[in-house]
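Comments concern the structure below.
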Amino acid sequence: MHYDIIVIGGGHAGCEAALAAARLGFGEHSSLLHTFEHNSPPHAFKHGSTMYTLGCTVRVLMLAISLDSIAQMPCNPCIGGTSKGHLVREIDALGGAMGKVIDKTYIQSKMLNTAKGPAVHSLRAQADKAKYAAEMRRLLAEQPNLTIRQGEVDEIILDNNGNVSGVKITTGIVYKCNSAVIAAGTYLNARCLIGETVIETGPGGMKRSEALTGSLQKLGLKFIRLKTGTPARIRRSSIDFSKLNIEYGDEPVIPFSFSSTPESIARSQIPCYSTYTTQATHEIIRANIHRSPMHIGLMEGAPTRYCPSIEDKVVRFADKERHQVFIEPEGENTEEMYIQGMSSSLPEDVQEHVYRSIPGLEDCEIMRPAYAIEYSALDATALKLSLEFKDIPNLFSAGQINGSSGYEEAAAQGLIAGINAYRKLAELDPVIIKRNEGYTGVLIDDLVTKGTEEPYRMMTSRAEYRLLLRQDNADIRLLPLAKEIGLVSEKQIATIKDKITAIEAEIKRLDTTIIPPDLFNREIHETHKSSAIQTGMRLSELIKRPELSYKTLSPIDLYRPDLPAAVCEQVEISLKYEGYIKRQERNAEAFLRNEQLALPGDADYKNIHGLRLEARQKLAQHRPSNLGNASRITGVSPSDIAVLLVWLESRRRTHTK
């Protein structure tokens with residue numbers, strides 16, 4: 001059987017990759033239609049032995065170890081959160097599915113970090129675990145041109161030229177293909193650890209993938225061992241909610257998808273809860289720490305720094321008297337409650353004592369014990385920024401197999417890998433998001449350029465230009481790229497253009513509207529403790545005052561048009577942070593001038609005079625595509641970059657003579 005693109009894995013990366021590739025390659029939705037004029041002669045291109053034409057149908061196959069594992073949420077069933085919400089908005093802006101699916105299946109939604117500036121505002125939604133997976137599976141099942149099969153891949157097959165030509169599953173069936181995306185998540189040689197017990201299984205009790213690791217190693221790929229974990233699930237009816245703090249969602253809810261409206265996704269939200277560990281909790285952990293897999297020596301993988309187990313927190317922060325715990329439902333129709341902040345790999349008998357030492361959980365019943373999971377991940381420095389392997393043409397990799405953590409990081413990579421797998425087939429340039437264009441660009445650049453020695457988690461602090469890369473403007477800043485890719489509908493593109501026009505018109509109006517002193521001093525001065533004005537001031541200048549806002553100035557803005565909330569938000573941010581935004585734009589422009597200087601693929605770094613020995617070794621190993629990538633490789637110093645700049649200029653002069 002032959003497919004054009006095969007996606008290996010049905011997690012969040014695999015879902016986005018399969019949907020993107022299938023949608024781009026399906027008839028009238030083919031991105032080729034956006035590339036060529038409709039009245040031009042039919043465009044044709046040949047890939048391998050297959051000839052394709054404009055608007056062709058590209059067949060996609062998704063292979064998953066178990067169909068029950070598709071879109072599974074083995075850890076916290078939530079989408080978004082600090083910086084992760086930015087990724088989901090970017091996925092949606094480029095035509096991905098995650099934002100739309102969570103809008104349909106959330107049970108509570110909240111905007112985080114609202115006390116801080118807009119750069120770090122992040123949307124987070126608790127999902128109904130079962131409904132989220134069911135909705136994603138529905139999208140996959142209904143997508144034309146996409147076949148879903150259960151099967152474990154144990155071999156990647158290359159042709160005589162070293163290109164991917166197919167995959168073999170454990171039953172011996174071979175599926176031929178022209179391109180493949182590996183999205184195997186945390187299943188490669190995975191094992192779960194609970195105290196002294198080691199279970200060779202994948203997340204959530206699913207079958208692990210064993211043979212694929214060996215096949216990839218035979219292709220010359222390197223692996224690292226990583227570790228993450230998940231807390232216990234507690235029976236809802238065994239919790240004393242009277243001792244817990246209640247945590248409500250926001251009203252009205254803010255959608256993840258730019259194609260949704262608050263009204264279209266409004267529903268009754270389910271509350272979450274919070275409590276704290278106690279001194280008794282910490283004493284139980286300390287008394288049994290010798291039974292932890294890490295201390296016994298059973299653990300090989302590097303643990304995640306930013307989502308530590310409760311025993312790690314107790315040891316590392318010994319002076320802290322308590323740690324916050326969030327208790328969150330896993331769905332509307334389940335008794336299982338997720339105990340966020342209490343990830344553990346202690347033995348089950350110890351876990352029961354630990355959880356029951358927490359207020360509200362004194363009589364709790366554990367439905368699923370906490371566990372650590374250890375797995376193999378690829379060294380992502382073997383990839384290009386397109387997520388294609390440098391040395392294996394037409395083979396792509398996305399998600400937690402690349403060393404990242406989290407559903408959102410996986411989905412963002414999956415979307416880009418699926419897009420680029422199709423574009424490679426169609427002989428189009430790959431989509432590469434720069435660091436100043438999106439969090440997705442920062443994520444991929446970090447993984448590919450630096451690699452990782454522990455599960456990589458996206459954070460706002462990793463983005464140099466986070467004021468430009470806000471979650472609220474993802475649709476606007478990624479519009480040119482969305483148009484080029486072709487996954488976003490023409491109707492949605494028109495809506496975004498109308499939004500931009502409305503924002504620009506309103507900013508212009510505010511910049512030309514003068515407020516007289518008597519009106520401002522009478523209506524605003526005392527009410528909002530804002531300094532009186534002596535002469536007329538533009539509304540655009542008044543909005544910049546910290547104590548004032550677009551909304552608070554409405555009583556004196558007599559000709560204000562009725563605008564959507566999203567437009568009003570952009571108007572206020574654009575004006576209030578105008579100086580900071582322009583400064584970051586200038587910095588980004590200066591950064592890009594050197595960032596985009598291409599480094600030749602055949603560069604002989606060992607013979608470039610002036611480079612330190614470590615820099616020569618690292619540059620030869622990673623073979624960065626441009627100077628920006630080179631500057632972010634661990635072991636390459638600013639002085640090494642200066643040497644490369646001189647070398648590039650010398651090389652340019654030599655070639656122009």
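Heavy-atom basis, side chains included; hydrogens, waters and symmetry copies ignored.
Partner of Ile416 under the side-chain contact (heavy atoms from CB on, under 4.5 Å) criterion, chosen from Ile485, Leu385, Ile91, Ile444: Ile444.
At least one donor-acceptor pair closer than 3.5 Å links the side chain of Tyr371 to the backbone N or O of Gly204. In this structure, the side chain of Asp103 engages the main chain of Phe256 through a donor-acceptor pair within 3.5 Å. For Asn402 (side chain) and Ser397 (main-chain N/O), a donor-acceptor pair under 3.5 Å exists by modelled atom type. Under the 3.5 Å distance criterion, the side-chain polar atoms of Glu135 are left unmatched by any main-chain donor or acceptor of Lys104. Listed for the Glu352 side chain is no donor-acceptor partner under 3.5 Å among the backbone atoms of Ile366. Formation of a donor-acceptor pair under 3.5 Å by the Glu155 side chain with backbone atoms of Val167 is not found in this model. Counting only distance, with no hydrogens or angles, the side chain of His12 and the backbone of Gln72 share a donor-acceptor pair below 3.5 Å.
Distance check: Arg89 CZ to Gln471 CD gives 5.0 Å after rounding to the nearest 0.5 Å. One finds the CZ atom of Arg356 at 8.0 Å from the OG atom of Ser238 (value rounded to the nearest 0.5 Å). Annotation: the span from Lys168 atom NZ to Leu212 atom CG amounts to 11.0 Å, rounded to 0.5 Å. Interatomic distance, Tyr187 OH to Ile8 CD1, rounded to the nearest 0.5 Å: 15.0 Å. Here CD1 of Ile432 is found 7.0 Å from CG of Asn420. Values are rounded to the nearest 0.5 Å. Atom CG of residue Asn76 and atom OG of residue Ser343 lie 11.0 Å apart, to the nearest 0.5 angstrom.
A cation-pi arrangement is present between Arg462 and Tyr456, with the terminal nitrogen or guanidinium carbon under 6.0 Å from the aromatic centre and inside a 45° cone about the axis.
Listed here is the closest heavy atom pair of Ile373 and Gly202: CD1-C, 3.9 Å. Scanning both residues, Leu443 and Ala412, for their nearest heavy atoms gives CD2-CB, 4.1 Å. The heavy-atom pair separating Ala398 from Ala13 by the smallest distance is O-CB, 3.8 Å. The minimum heavy-atom distance linking Pro329 with Ile270 is given by the pair CG-CG2, 3.8 Å. Between Met367 and Arg235 the shortest heavy-atom distance is SD-CA, 3.6 Å.
More than 12 heavy-atom neighbours from other residues, nucleotides or ligands sit within 6.0 angstrom of NZ on Lys390.
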Check against side chain to side chain donor-acceptor pair (under 3.5 Å), Asn189 and Glu210: CA-CA 5 Å; Asn189 286 357; Glu210 298 180 19; over 6 Å; no
task: Run the numbers on Ser345 and Glu311 for side chain to side chain donor-acceptor pair (under 3.5 Å), then give the verdict.
output: CA-CA 8 Å; Ser345 59; Glu311 51 264 37; 3.2 Å; yes
task: Give the C-alpha distance, both sets of side-chain angles, the deciding distance and a yes or no for side chain to side chain donor-acceptor pair (under 3.5 Å) between Asn178 and Asn394.
output: CA-CA 7 Å; Asn178 294 323; Asn394 305 315; over 6 Å; no
Derivation of the side chain to side chain donor-acceptor pair (under 3.5 Å) call for Arg225 and Ser376: CA-CA 5 Å; Arg225 289 292 280 180; Ser376 293; 2.9 Å; yes
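Checked against ring-ring contact (aromatic ring centres under 6.0 Å, His included), Phe396 has no partners two or more places apart in sequence or in another chain.
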